2 protein chains.
Amino acid sequence: MRPESRKQEIINAAAILFKEKGYSAVTMRDLAKAMGIKAASLYNHIQSKQEILSTIIIDLAEEFTTGMNQIANSDQNAIQKLQNIINLHIDVTLRNSDGLASLNNDWMHLEEENLQYFEKMRHEYEESFRNIVYKGVDKGDIKSYNIEIMVFSTLSTLRTLYLWYPKQKNIDADILKRDMMSVLLKGIV
Amino acid sequence: MRPESRKQEIINAAAILFKEKGYSAVTMRDLAKAMGIKAASLYNHIQSKQEILSTIIIDLAEEFTTGMNQIANSDQNAIQKLQNIINLHIDVTLRNSDGLASLNNDWMHLEEENLQYFEKMRHEYEESFRNIVYKGVDKGDIKSYNIEIMVFSTLSTLRTLYLWYPKQKNIDADILKRDMMSVLLKGIV
DNA sequence: GTCTATACGGAGATAGAC
DNA sequence: GTCTATCTCCGTATAGAC
């Protein structure tokens, strides 16, 4: 791994603590102890606790937004797009599963501008996802079950990957992508 | 609705606030304001903030444990048991979706004995679920895909219902049970 | 059952020495 | 870049009057 800036080290350590206890329950003294320094020293690298949270969440949200835009704008069919969305979630989860805990559970502690920005991105992400499923149903690629339940169920699984993946030992990313595709698209029966 | 004890009213109000901001970010002053009284007055009905959290979580966890035990010990096949588990989650979600937020996100803030008790129940619940799927695969009722992914995916969806269900308007419980079954068992393609 | 007043600790953050 | 010392505010919880 390449040397990281002190700021990035703090953010990474914070993401681990936020995952374990949530943003509100982690103190700057906890974070400082995890870094082996005193709390006051953190402020030479970051402006506030809030800045740490917003960096973690906004970076990840923008990553998902960029990825989704590429997928949605491609001229693939719905099934191929769903596969790419699954791949996107798995890739991000493998790279930053700690940060995803904040994205999922602590976004409501963002402050005004970043909160609005995040909610806008999340909403557009869900709309893109929903549109892909709707078009797939229209074309007959996807079953015409209750569409909202399909969207909810699939997104729930993908969003919760960050909790499950770290507990798996030696699971290969490509195998995970293939099997996740099978389970989500073809069901288990 | 029948008249509730003041303590239960406090617990219900707390569950709503915990769902919105998480246990650690909700103060006793927030809770008192939601109840229309002063923070000190809460302590005539509850012993501590921690007691509120553990009541919410342990009651729900015991409900799931009881339900799962009945299902696991019945002489149904795996598919029927899965249907019953889905029904269990939907029933609990309809009745107490606020409390499920704490169960899912704030269990780590339980204190020693209740934390251990909760973790034991959660572990046994997952093991029961896993056993049902394993036996279903053995008997050929369930596909022999990656079993861990099937268990994870299904549980993720059921556990996240509390977030999705309140946003749906006028969805009938029986239709939800039927459609959820279809999506989880038969996939979407 | 609710109030006011208050105790006490710990929160985020800053100033300034080294 | 990290430290010690410290500020101010707000957290949970208690005492005792009404």
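Lettering follows sequence order; numbering is per chain, from 1. Source: prediction; values computed, not measured.
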### Task
Could you state whether B/Tyr145 and B/Val151 fall into the same hydrophobic cluster, counting links through intermediate Ile, Leu, Val, Met, Phe, Trp or Tyr residues with side-chain heavy atoms under 4.5 angstrom apart?
yes

### Query
Separation of A/Lys7 atom NZ from D/dG1 atom P, in whole Å?
13 Å

### B/Arg159/B/Glu126 ion pair, N-O < 4.0 Å
yes

### Query
In whole angstroms, how far is the P atom of C/dA13 from the CG atom of A/Leu31?
12 Å

### Message
Determine whether the aromatic ring centres of residues A/His123 and A/Tyr117 are separated by less than 6.0 angstrom.
### Response
no

### Message
Could you tell me how far apart B/Arg6 (CZ) and C/dC3 (C1') are, to the nearest whole angstrom?
### Response
14 Å

### Atom pair distance, as rounded to whole Å: NE2 in B/His45 and P in C/dC3
10 Å

### Task
Quickly work out the A/Gln47 CD to C/dA13 P distance and round it to whole Å.
10 Å

### Task
Starting from P on D/dG11, measure out to NE2 on B/His109 and report it in whole angstrom.
16 Å

### Message
Could you tell me how far apart B/Lys38 (NZ) and D/dC18 (P) are, to the nearest whole angstrom?
### Response
18 Å

### Query
What closest approach, in Å, do B/Ser54 and B/Leu110 show between heavy atoms, and which atom pair accounts for it?
CA-CD2, 3.6 Å

### Query
If you check the B/Ser41 side chain, which of C/dC3, D/dG1, C/dG12 turns out closest?
C/dC3

## Note on the structure
Per nearest nucleotide of DNA chain C, the residue lying toward the 5' end, B/Ala39 or A/Ile46, is B/Ala39

### Query
Out of D/dA13, C/dA15, D/dT14, which has the shortest distance to the side chain of B/Ala40?
D/dT14

### Task
Remember a base hit wins even if backbone is also touched, and classify B/Arg29 as base, sugar-phosphate or nothing at under 4.0 Å, heavy atoms.
base

### Query
Where the side chain of A/Tyr43 is concerned, which of C/dT14, D/dC3, D/dA13 is the nearest nucleotide?
C/dT14

### Options C/dG1, C/dA13, C/dA11, nucleotide nearest the side-chain atoms of A/Ser48
C/dA13

### Query
Should B/Ile175 and B/Ile90 be regarded as members of a common hydrophobic cluster, given that ILVMFWY residues are connected when their side-chain heavy atoms come within less than 4.5 Å of each other, either directly or indirectly?
no

### Message
Can you measure A/Leu17 atom CG to C/dA11 atom P for me and round it to whole angstrom units?
### Response
13 Å

## Note on the structure
From the candidates D/dA13, C/dG1, D/dT14, the one with an atom nearest any side-chain atom of B/Lys49 is D/dA13

### Task
Please tell me which of the listed nucleotides, C/dC3, D/dT12, C/dA13, lies nearest to the side chain of B/Met28?
D/dT12

